[in-house]
Structures are given as C-alpha cells and as structure tokens.
Amino acid sequence: DAGITQSPRHKVTETGTPVTLRCHQTENHRYMYWYRQDPGHGLRLIHYSYGVKDTDKGEVSDGYSVSRSKTEDFLLTLESATSSQTSVYFCAISTSGNFGWNEQFFGPGTRLTVL
Amino acid sequence: DAKTTQPPSMDCAEGRAANLPCNHSTISGNEYVYWYRQIHSQGPQYIIHGLKNNETNEMASLIITEDRKSSTLILPHATLRDTAVYYCIVSGNQGGKLIFGQGTELSVKP
C-alpha cells in the first residue's frame with residue numbers, strides 16, 4: 001500500500017553483527033518513520049525523518065541509527081545487533097507530517113531475529 | 001505513555017455495529033484523534049481521523065464528544081474481516097509522531 005516496500009522481509013542474524021533494514025517509497029513523501037513491535041508493547045517509534053538528511057529520535061532510539069540520503073529511502077541500522085532487538089520492524093510514511101493531520105501508511109514489516 | 005485509554009478486548013456479532021470507545025481526557029486543542037487497526041501480522045491500517053466534528057468515510061464513523069475527552073469508532077456492519085486490534089491515538093503538531101497504546105482487540109463472531 002501507498003508504494004512502501006521493506007527489505008529484507010525476514011532476517012536472522014547473530015549477536016554483534018551489523019544489520020541494515022531498508023524502507024523504500026515511490027510517492028515522494030517527506031515524512032518517514034521506523035517503528036518496532038513486540039508482544040505486549042504495541043508499536044513504538046524508533047526514529048523518524050522529516051526530509052533528506054533530517055532525522056530525529058523516537059521513544060526507543062538507543063542502539064539504532066538512521067539515514068536518509070534520498071527522499072525515497074530511509075535506512076535503519078543496528079550497529080551491533082542484540083537479542084533485545086529481535087522484533088518486527090515497520091516503516092511508515094506520512095502524507096502531511098506535522099502540518100495538521102497526519103495520516104500514516106505502513107509497510108509490510110520486517111521480521112528480525114537476533115540469535 | 002499513551003494518552004488514550006481503551007478496553008483491552010471486545011466482541012461483536014457479525015453484521016452488527018461495533019462501537020469501540022476511547023478516552024482521551026488530556027487532549028489538547030490542536031490534537032487530532034486517529035484510529036488505526038492492525039490485522040494479525042500486517043502493518044497498521046489507517047481508518048479515520050477527526051479534530052472536533054464527527055467524521056464518516058467508507059470504512060467507519062468517528063464520534064467525538066463535545067468536550068473532546070472521548071470518542072467512539074463505529075463500524076456499522078462488522079464482518080469477520082474486521083477482527084483486528086484497533087488503536088485510538090491522539091497527536092498534534094509534534095513532528096507527526098504517533099504514540100500507539102495497547103489498543104482494543106475486537107473479535108467479530110459469526
């Protein structure tokens with residue numbers, strides 16, 4: 001939906017290895033977001049971006065970094081993966097951001113397992 | 001740290017209206033009320049949003065009380081495919097951030 005793809009869709013990795021998740025959009029929206037979802041916690045915002053090279057932290061940003069060098073791509077990096085980062089990661093885009101209403105569209109998710 | 005309160009679960013009979021309540025007593029004047037739902041394993045899906053007035057679209061209706069401290073999402077004729085977790089969120093001009101709480105798990109039964 002809304003031209004959002006995430007890659008990879010599934011990944012298993014080992015503790016201590018770097019991992020990069022990619023979110024790609026085709027509709028040139030300014031705002032993009034990374035969330036994680038764990039049982040009992042709902043969705044929690046990790047980082048978000050309000051433009052190329054403009055990013056900010058969410059509520060659970062420790063251990064994660066992001067980059068946005070192009071409008072269409074928002075990368076989430078785990079510099080040294082830990083088992084606590086095993087989760088489902090969702091990317092989202094917003095059609096309007098912080099000007100008034102904010103309707104977000106979500107990607108299909110990436111299931112990451114850190115052993 | 002969600003600013004909304006929802007019942008953890010509800011049941012609804014297929015074909016009946018599903019009325020999902022949400023309390024947001026600390027809502028600010030510039031904050032919107034949003035509803036999303038998440039069907040098992042999928043990404044959340046936007047349903048509807050409102051500021052002061054009641055809203056209706058092809059999926060649902062949103063009724064906001066006059067003091068804006070609570071709202072109700074109405075699915076007029078629930079189907080089995082409406083079984084999902086429904087999230088009520090309030091958000092204003094804060095970089096577009098949405099804070100998801102635990103939501104209401106709606107089970108539509110035949």
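Keep in mind that the numbers below use all heavy atoms, side chains included, and drop hydrogens, waters and symmetry copies. Below, read A as the first sequence line, B as the second, and so on, with proteins coming before strands; counting in each chain starts at 1.
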Which bit of Leu43(A) is near chain B, if near means a heavy-atom gap under 4.5 Å: side chain, backbone, both or neither? both

Quick one: does Leu98(B)'s side chain get under 4.5 Å of Tyr35(A)'s, heavy atoms only? yes

Taking the side chain as every heavy atom from C-beta outward, state whether Phe90(A) and Gln42(B) have any pair of such atoms under 4.5 Å apart. no

Under a 4.5 Å heavy-atom cutoff, which of Pro44(B), Gly43(B), Gly50(B) has the most pairs with chain A? Pro44(B)

Path from Ile48(B) to Ile63(B) over hydrophobic side-chain contacts below 4.5 Å: no

Starting from Tyr89(A), can I reach Leu75(A) by hopping between I/L/V/M/F/W/Y residues whose side chains sit under 4.5 Å apart? no

In this structure, would Leu21(A) and Leu115(A) fall into the same cluster of hydrophobic residues linked by side-chain contacts under 4.5 Å? no

Is it possible for you to say whether Leu76(A) and Val12(A) belong to one hydrophobic cluster, with membership spreading through side-chain heavy-atom contacts below 4.5 Å? no

Determine whether Tyr36(B) and Gln104(A) make a side-chain contact, defined as any pair of heavy atoms from C-beta on separated by less than 4.5 Å. yes

Find out if a path of hydrophobic residues (ILVMFWY) with successive side-chain heavy-atom gaps under 4.5 Å connects Ile74(B) to Met10(B). no

Mind checking whether Phe106(A) and Phe100(B) have parallel, tilted or perpendicular rings, split at 30° and 60°? perpendicular

